[in-house]
Undergrad: 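Pasting a structure below so you can have a look.
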Amino acid sequence: MGWIGETVESIKSLRIRQVLTQGVSLGLIVTSALIIWKALMCFTGSESPVVVVLSGSMEPGFKRGDILFLHMSKDPIRAGEIVVFNVDGREIPIVHRVIKVHERKDTGEVDVLTKGDNNYGDDRVLYAHGQKWLQRHHIMGRAIGFLPYVGWVTIIMTEKPIFKYILIGALGLLVITSKD
């Protein structure tokens, strides 16, 4: 009958109580993950405490697939720091280095200009139309650490969605068919 036939038979033989137990377990796992994520957001002060480097613009320092850990504090942003920022009109955050900091005399607000280490020019071409500088509200956080290559899982699942569906299906079958 094979593995698929055995899996189908296993699903058919489940009792309502087992199905409810598996559903509650799955719900607890998802809820725990969300609680951990929210706690990290509070602890780091960043709306996204972990990001994946999606391009080679920061090589050789950070390579595509590296995971960055972010922290956002009230300290002033300085030239040389690596920041992650959002640009109006783009939904994917960008990881680049601050190359210039400009403090406005009238308000005391700080504007920054960024550039990828592996790029020829600054990021003004990436900013929203007519925007010359980033303000503090654009910046999600500063890089405080990284984990090399681990983000490739995210990149592969984004670029090749079939792997994501296979993984979700396999995990779903595993949860449903486990006898605990």
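Only this structure's heavy atoms are used, side chains among them; waters, hydrogens and symmetry mates stay out.
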Undergrad: Under 4.0 Å between a side-chain nitrogen and a carboxylate oxygen: does that hold for Asp117 and Arg97?
TA: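 Yes, this pair counts.
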Undergrad: Starting at CD1 of Ile139, measure out to CD of Glu81 and round the result to the nearest 0.5 Å.
TA: 9.0 Å
Undergrad: Between atom OG1 of Thr114 and atom CG of Asn119, what is the distance when rounded to the nearest 0.5 Å?
TA: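 Reported to 0.5 Å precision, the distance equals 9.5 Å.
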Undergrad: Just so I know, are the side chains of Glu109 and Arg136 near enough to count as touching, which here means a heavy-atom distance under 4.5 Å?
TA: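 Side-chain contact under 4.5 Å: no.
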Undergrad: Check whether any side-chain heavy atom of Leu70 lies under 4.5 Å from a side-chain heavy atom of Ile144, and answer yes or no.
TA: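 They are not in side-chain contact.
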Undergrad: Please report the interatomic distance CE(Met140) to CG(Asn86), rounded to the nearest 0.5 Å.
TA: 5.0 Å
Undergrad: What's the separation between atom CD1 in Ile77 and atom CG in Asp111, rounded to the nearest 0.5 Å?
TA: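 With rounding to 0.5 Å, CD1 (Ile77) is 10.0 Å from CG (Asp111).
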Undergrad: To the nearest 0.5 angstrom, please state how far the CD1 atom of Ile162 sits from the NZ atom of Lys160.
TA: 11.5 Å
Undergrad: Less than 4.5 Å apart, any side-chain heavy atom of Leu147 and any of Phe69?
TA: yes
Undergrad: Applying a strict under-4.5 Å side-chain criterion to I, L, V, M, F, W and Y, I'd like to know whether Val83 and Val125 cluster together.
TA: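 In one cluster: yes.
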Undergrad: Honestly curious: do Ile92 and Ile67 fall in one hydrophobic cluster under the side-chain, below-4.5 Å linking rule?
TA: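 Same cluster.
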Undergrad: With Glu159, which residues qualify under side chain to side chain donor-acceptor pair (under 3.5 Å), at least two apart?
TA: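 Glu159: side chain to side chain donor-acceptor pair (under 3.5 Å) contacts with Arg64.
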Undergrad: Are Ile82 and Val51 connected into the same hydrophobic cluster when the rule is that any two of I, L, V, M, F, W, Y join if their side-chain heavy atoms are below 4.5 Å apart?
TA: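 Looking at the clustering, Ile82 is in the same group as Val51.
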Undergrad: With the side chain counted from C-beta on, respond yes when Trp37 and Val50 share a heavy-atom pair under 4.5 Å apart, and no when they do not.
TA: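 They are in contact (side-chain heavy atoms under 4.5 Å apart), so the answer is yes.
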Undergrad: Tyr127 and side-chain contact (heavy atoms from CB on, under 4.5 Å): which partner among Ile94, Asp88, Leu113?
TA: Leu113
Undergrad: So, do Ile168 and Lys164 sit near enough that their side-chain heavy atoms are less than 4.5 Å apart?
TA: yes
Undergrad: Do His138 and Gln131 pass the side-chain contact (heavy atoms from CB on, under 4.5 Å) test, and can you show the C-alpha distance, the side-chain angles, and the key distance before you say yes or no?
TA: CA-CA 12 Å; His138 292 111; Gln131 184 178 1; 3.2 Å; yes
Undergrad: What about Leu171 and Val153, same hydrophobic cluster or not, with Ile/Leu/Val/Met/Phe/Trp/Tyr joined at side-chain heavy-atom distances under 4.5 Å?
TA: yes
Undergrad: If we only count heavy atoms from C-beta on, is the Asp66 to Val52 side-chain gap below 4.5 Å?
TA: no
Undergrad: Any chance the rings of Phe62 and Phe146 have centres within less than 6.0 Å?
TA: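 Judged by ring-centre distance (under 6.0 Å), Phe62 and Phe146 do meet the cut-off.
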Undergrad: Within the 4.5 Å heavy-atom criterion, are Ser73 and Arg142 side-chain neighbours or not?
TA: yes
Undergrad: Cation-pi between Arg104 and Trp133: NZ/CZ under 6.0 Å from ring centre and within 45° of the ring axis?
TA: no
Undergrad: Rounded to the nearest 0.5 Å, what separates atom CG in Leu126 from atom CG in Leu134?
TA: 9.5 Å
Undergrad: Is there side-chain contact between Val112 and Lys100, with at least one heavy-atom pair below 4.5 Å?
TA: no
Undergrad: Can you give me the closest heavy-atom contact between Ala79 and Ile99, atom names plus distance?
TA: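 Answer, listing the atom of Ala79 first, then Ile99: CB-O, 4.0 Å.
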Undergrad: Look at the side-chain heavy atoms of Ile, Leu, Val, Met, Phe, Trp and Tyr, link any pair under 4.5 Å apart, and say whether Ile156 and Tyr149 land in one connected group.
TA: yes
Undergrad: Using the test side chain to side chain donor-acceptor pair (under 3.5 Å), find all partners of Ser57 that sit at least two apart in sequence or belong to another chain.
TA: Ser55, His96
